[in-house]
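What follows is a short report on a single structure.
Naming: A, B, ... by sequence-line order, numbering from 1 per chain.
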Amino acid sequence: MTEKLILIDGNSLAFRAFYALPLLSNRAGIHTNAVYGFTLLLDKIIKDEAPTHFLVAFDAGKTTFRHSTFGDYKGGRQKTPPELSEQFPLIRKLVDAYHIKHYELDNYEADDIIGTLAREATEKKMKTIIITGDRDLTQLVNDSVSVYYTKKGVTDIDHYTPEFVREQYGFGPEKIIDLKGLMGDKSDNIPGVPGIGEKTAVKLLLEYGTVEEVISHLDDIKGKKLQENLTTYQADALMSKQLATIEVHAPIEIHLDDIKLSAENNDKKIELFKELEFKQMLDHMETAPVIEQKALELTERFEEISLAGPTSLFIDCFKDNYLVNEILPIAVTDGEKIFVTSSDNLQDSLIAYLEGAEQKNVFDAKKTAVLLKRLDVDVKNIRFDVMLASYLLDPSKTIVDVAETAALHGMVIPNNEQIFGKGAKMAIPETEALFDYFGRQAMTIHQLTDVMKRELENNEQLKLHDELELPLSLVLAGMEYRGITVDRQALIEMQGELKTRIDELMNRIYTLAGHEFNINSPKQLGVILFEELGLPAAKKTKTGYSTAVDVLEGLRDKHEIIQAILDYRQLAKLQSTYVEGLQKMIAEDGKIHTRFNQVLAQTGRLSSVEPNLQNIPIRLEEGRKIRKAFTASQPGWVIFAADYSQIELRVLAHITEDRSMMEAFNHGIDIHTKTAMEVFDVEKDDVTADMRRQAKAVNFGIVYGISDYGLSQSLGISRPAAARFIEDYLTSFPNVKQYMDDIILEAKRDGYVSTLLNRRRYIPDINARNFNARGFAERTAMNTPIQGSAADIIKLAMVNYDREVQKTDFKANLLLQVHDELIFEVPEEEIEAFSLFVKDIMEHALELNVPLLVESNYGQSWYEAK
DNA sequence: CGCTATGTGG
DNA sequence: AGCAATCACATAGCGG
């Protein structure tokens, strides 16, 4: 392994961390923000750089050898605030807890310790990274030493390499001391030469090379004042250079061999984090114990696998789409031995196991169930899904593969990309490597299961896994596998009609523009509109003019071409994304099989891919017609859609117990009208259509967590006006205001917010100094319990539906979920009973303080089910 | 292949 | 002062 040394300037980074974070303190009243920032930094460095050697250097005391050269060295510095001073012992304790050495030396600064060790490392050609907040250390940069400077905050970092320095100044790092000699350094009270700043100093050094050379060419210097100053202050320049020079032969008593990092336990860290009340750090630590990897013991005889206890199962396919792609082997383990077999011609004993009562752990139950269905196996008794567990523990951890999830627990195993390659070069490896890989996957799942189950238990999320997400994944597997019938002929007809209209619009646009161009290129369109036609450009994007809808709408009256472009855009979108796009997705069975991603959306919602069937047009009639192509799979059956009415706002009413909001739902009053009544303080009959429209937009904002800016955009009003709206809203619904305040405090206290069924979302930015980041975090904290609880409820309804429908004679099939609605296909003769059945299940999935209301419709196609 | 701009839904 | 502004997915354009 290549060795890598990290040297940290402890004092400088403590200052940085202190000023970068708000003043936090623990219950004992000790301030902790600098310690916290330091922790974030250490974690980041260890994760990003994987060092083998590590030292944190501190300044020893007030005076150093530099003070004997210049008594006023570092004079005029502000006193360290006591809130920071009290944190230094804790920072040393923190460094100890990470099992990292720290060091200080009387009469020397941290810089000199760092310089000396960097020199030792350079001599051994050891790669070295110095991390600091002060620019002083740039002089130490060379081919094996880089200096990282923290920019804003603690973990935003600039990398200084020799090339980088040369790019900045035109000369290498060795001349930084000359630079300081001439220009001085305000923060260290190094005088330099009066009248010389960075610009002049760089110019002089580019010409003469060093301070000494500049002094020996005083007569050649152009500029009278400059020459005069250099002559008068030449001694100061030389002294300043000396002061700025870092000592690389300090008499340190700690050397490279003493600062090796070794794998140690986390006990001291946990203890300290408890004392400091770093809850989020603790969460991450305690939920992420390191797991030792088990050896691979592959067997060719399934009989050797013990089926008495829990087993783990891994099956996968080549590439993402498990509904169609080639199925790869299956691996089963009991935690000791591993059996791997090709998935064609499964032996009877294996099938019996898969369909039997044996308890199985998996990574991605949905994919597992679908792949096995394709092999004609009806898998039973999956009891744990490591992938779902990972998502529930922390939805922000992107789920890639088993390896990535295992890495969260310190296990390093080959990942998908290493085995299969990526992009066009993807390939299935030869059998032995493939079997080994599958064996490792199964064993890793087995090892992760115990740990992650305990983590879920600690979070009180085991029920959420066992009774909601895991059963749901099997319901979704059924939906994906079944698919929804799509009438290709209907799409072809639309395609022809659209083509004619698009061609007409295209020609009209060319005529109005005076020549042909690519209307689909925002770049070309921008040139036409804002240069050739001279229309006023309202908004810019990073790359040029914005031609987005809201911009074009503002120009509608300015030129005929605008309406034509808007119409063209609308139809072109329908044509390419839906009419043509959907046709490409129709499988041989005449159906579209979307896949639902159950572990992506941070709120707990599902998403849908290849194709996305959760964004089929509905708002505009033109687009809505696409839905005519979605039909039932057999004659005499219909499409039946059941949707929750205002589920998010009902959840909000439930959580806040706001009187007037609950009253609206309890008495069936239209919620937007009710909102308008409260916000505008008018009687029901005095609510105008426009007042209701505005109230609706505010409710929309509440549900989706948009900002005042977002609301101002959707209402076409000014931002202050939008902010006032939100304020009025919160005054009208005091409990909502109370909830919003409370949930932000909760996020600050716990580091996360929760839904009704204990789904979690961590809100790391809730204490951010950056206004935007914090604002966004706050809206996330407010919005996630609302949207997430709504997601919980419909998921619960799906699981309950699936369980209950099996006890009935209904032949209906659940086809799709679109966030607040479920789409079924149902034999016409059972519609009436089925409708009541579904309504009952959905409305009583969870009992709230307000009733849940489900509305439903049915018809020949999804279009008619409105 | 990856980024940008755009637009669809809830 | 200026930044950025709900999220997930898909398409087309465009440059490397």
Task: Listed nucleotide nearest any side-chain atom of A:Ile618, set B:dG9, B:dG7, B:dA5 - done: B:dG9
Open item on the list: Any base atoms under 4.0 Å from A:Thr780, or only sugar-phosphate, or nothing? Heavy atoms, all strands.
Closed with: nothing
- [ ] Answer with base, sugar-phosphate or nothing: what part of the nucleic acid does A:Asn615 contact at a heavy-atom distance below 4.0 Å?
- [x] base
Open item on the list: Would you measure the distance from the P atom in B:dG10 across to the matching atom in C:dA5 and give it in whole Å?
Closed with: 24 Å
Open item on the list: Using a heavy-atom cut-off of 4.0 Å across all strands, would you classify A:Ser546 as base, sugar-phosphate, or nothing?
Closed with: sugar-phosphate
- [ ] For A:Ser608, report the nucleic acid contact type (base, sugar-phosphate, nothing); a contact means any heavy atom under 4.0 Å.
- [x] sugar-phosphate
Open item on the list: Using a 6.0 Å distance limit plus a 45 degree cone around the ring axis, check whether A:Lys539 lies over the aromatic ring of A:Tyr545.
Closed with: no
- [ ] Taking only the side-chain nitrogens and oxygens of A:Thr541, find out if one of them lies under 4.0 Å from OP1 or OP2 of B:dA5.
- [x] yes
TODO: Pick base, sugar-phosphate or nothing for A:Leu600, based on heavy-atom distances below 4.0 Å to the nucleic acid.
DONE: sugar-phosphate
- [ ] Take the protein atom NZ of A:Lys866 and the nucleotide atom C1' of B:dG9, then report the distance between them rounded to whole Å.
- [x] 17 Å
Open item on the list: Need one value for A:Gln524: base, sugar-phosphate or nothing, where a base atom within 4.0 Å counts as base even if backbone is also close, heavy atoms only.
Closed with: sugar-phosphate
- [ ] Round to the nearest Å and state the distance from A:Arg627 atom CZ to B:dG9 atom P.
- [x] 8 Å
Task: Presence of donor-acceptor pair under 3.5 Å, side chain of A:Arg605 and base of B:dG10 - done: yes
Open item on the list: Within the 4.0 Å heavy-atom criterion, would you say A:Ala424 contacts the bases, only the backbone, or no part of the nucleic acid?
Closed with: sugar-phosphate
TODO: With heavy atoms under 4.0 Å as the rule, sort A:Glu610 into base, sugar-phosphate or nothing.
DONE: sugar-phosphate
Task: Start and end of the DNA chain C segment that chain A contacts, any atom under 4.0 Å from a heavy atom - done: C:dC3 to C:dG15
Open item on the list: Considering every strand and a 4.0 Å limit on heavy-atom distances, what is the contact class for A:Arg719: base, sugar-phosphate, or nothing?
Closed with: base
- [ ] For nucleotides B:dG7 and C:dT6, find the distance between their C1' atoms and express it as a whole number of Å.
- [x] 15 Å
TODO: Measure from CD1 on A:Ile647 to P on B:dG10 and round the result to the nearest Å.
DONE: 14 Å
- [ ] Describe the nucleic acid contact of A:Val549 in one word from base, sugar-phosphate, nothing, applying a heavy-atom distance below 4.0 Å.
- [x] sugar-phosphate
Open item on the list: On a heavy-atom basis, which atom in A:Glu825 and which in A:Ile639 lie closest, and how many Å separate them?
Closed with: CB-CD1, 4.4 Å
Open item on the list: Classify A:Gln602 by what it touches in the nucleic acid, base, sugar-phosphate, or nothing, heavy-atom distance under 4.0 Å.
Closed with: sugar-phosphate
TODO: Provide, to the nearest angstrom, the distance between the CG atom belonging to A:Leu822 and the P atom belonging to B:dG10.
DONE: 14 Å
Task: Distance between P atoms of C:dC3 and B:dA5 (Å, rounded) - done: 14 Å
Task: Sugar-phosphate only, base, or nothing, as touched by A:Phe771 at under 4.0 Å among non-hydrogen atoms - done: nothing
Open item on the list: Does the Lys NZ or Arg CZ of A:Arg719 fall within the cation-pi geometry relative to A:Tyr709 - under 6.0 Å from the ring centre and within 45° of the axis?
Closed with: no
Open item on the list: Does the plane of the ring in A:Phe824 sit parallel, tilted or perpendicular to the ring in A:Phe640? Use 30° and 60° as the thresholds.
Closed with: tilted
- [ ] Check each of A:Lys366, A:Arg595, A:Lys367 against A:Tyr322 using the side-chain hydrogen bond (donor to acceptor under 3.5 Å, both in side chains) test, and report the only one that passes.
- [x] A:Lys366
Task: Atom-to-atom span, OH of A:Tyr568 to P of B:dA5 - whole angstrom - done: 19 Å
- [ ] Mark yes or no for a side-chain to base donor-acceptor pair under 3.5 Å between A:Arg619 and B:dG10, with no hydrogen or angle criteria applied.
- [x] yes
TODO: Report yes or no: does A:Asp643 contribute a side-chain atom to a donor-acceptor pair with the main-chain N or O of A:Ser856 at less than 3.5 Å?
DONE: no
Open item on the list: I need the CG-C1' distance between A:Asp567 and B:dG7, as an integer number of Å.
Closed with: 15 Å
Task: Minimum-distance nucleotide to A:Lys542 side chain [options: B:dT6, B:dT8, B:dT4] - done: B:dT4
Task: Taking every non-hydrogen atom, the tightest pair across A:Pro785 and A:Thr780 - done: CD-O, 4.3 Å
Task: Between B:dA5 (C1') and A:Lys540 (NZ): distance, integer Å - done: 15 Å
Task: Which atom of A:Glu621 lies closest to which atom of A:Tyr863, heavy atoms considered - done: OE2-OH, 2.5 Å
Task: Residue pairs passing the side chain to side chain donor-acceptor pair (under 3.5 Å) test where at least one lies in residues 561-570 of chain A, sequence neighbours excluded - done: A:Asn520-A:Tyr568, A:Thr547-A:Arg569, A:Arg556-A:Gln563, A:Gln563-A:Asp567
Task: Distance, rounded to the nearest Å, where A:Lys625 contributes NZ and B:dT8 contributes C1' - done: 17 Å
Task: Pair A:Phe733 + A:Tyr729: ring centers closer than 6.0 Å - done: yes
Open item on the list: Heavy atoms only, 4.0 Å cut-off, all strands: where does A:Asn518 land among base, sugar-phosphate and nothing?
Closed with: sugar-phosphate
Open item on the list: Between B:dT8 and C:dG2, how many Å separate the two C1' atoms, rounded to a whole number?
Closed with: 31 Å
Task: Sugar-phosphate only, base, or nothing, as touched by A:Asp820 at under 4.0 Å among non-hydrogen atoms - done: sugar-phosphate
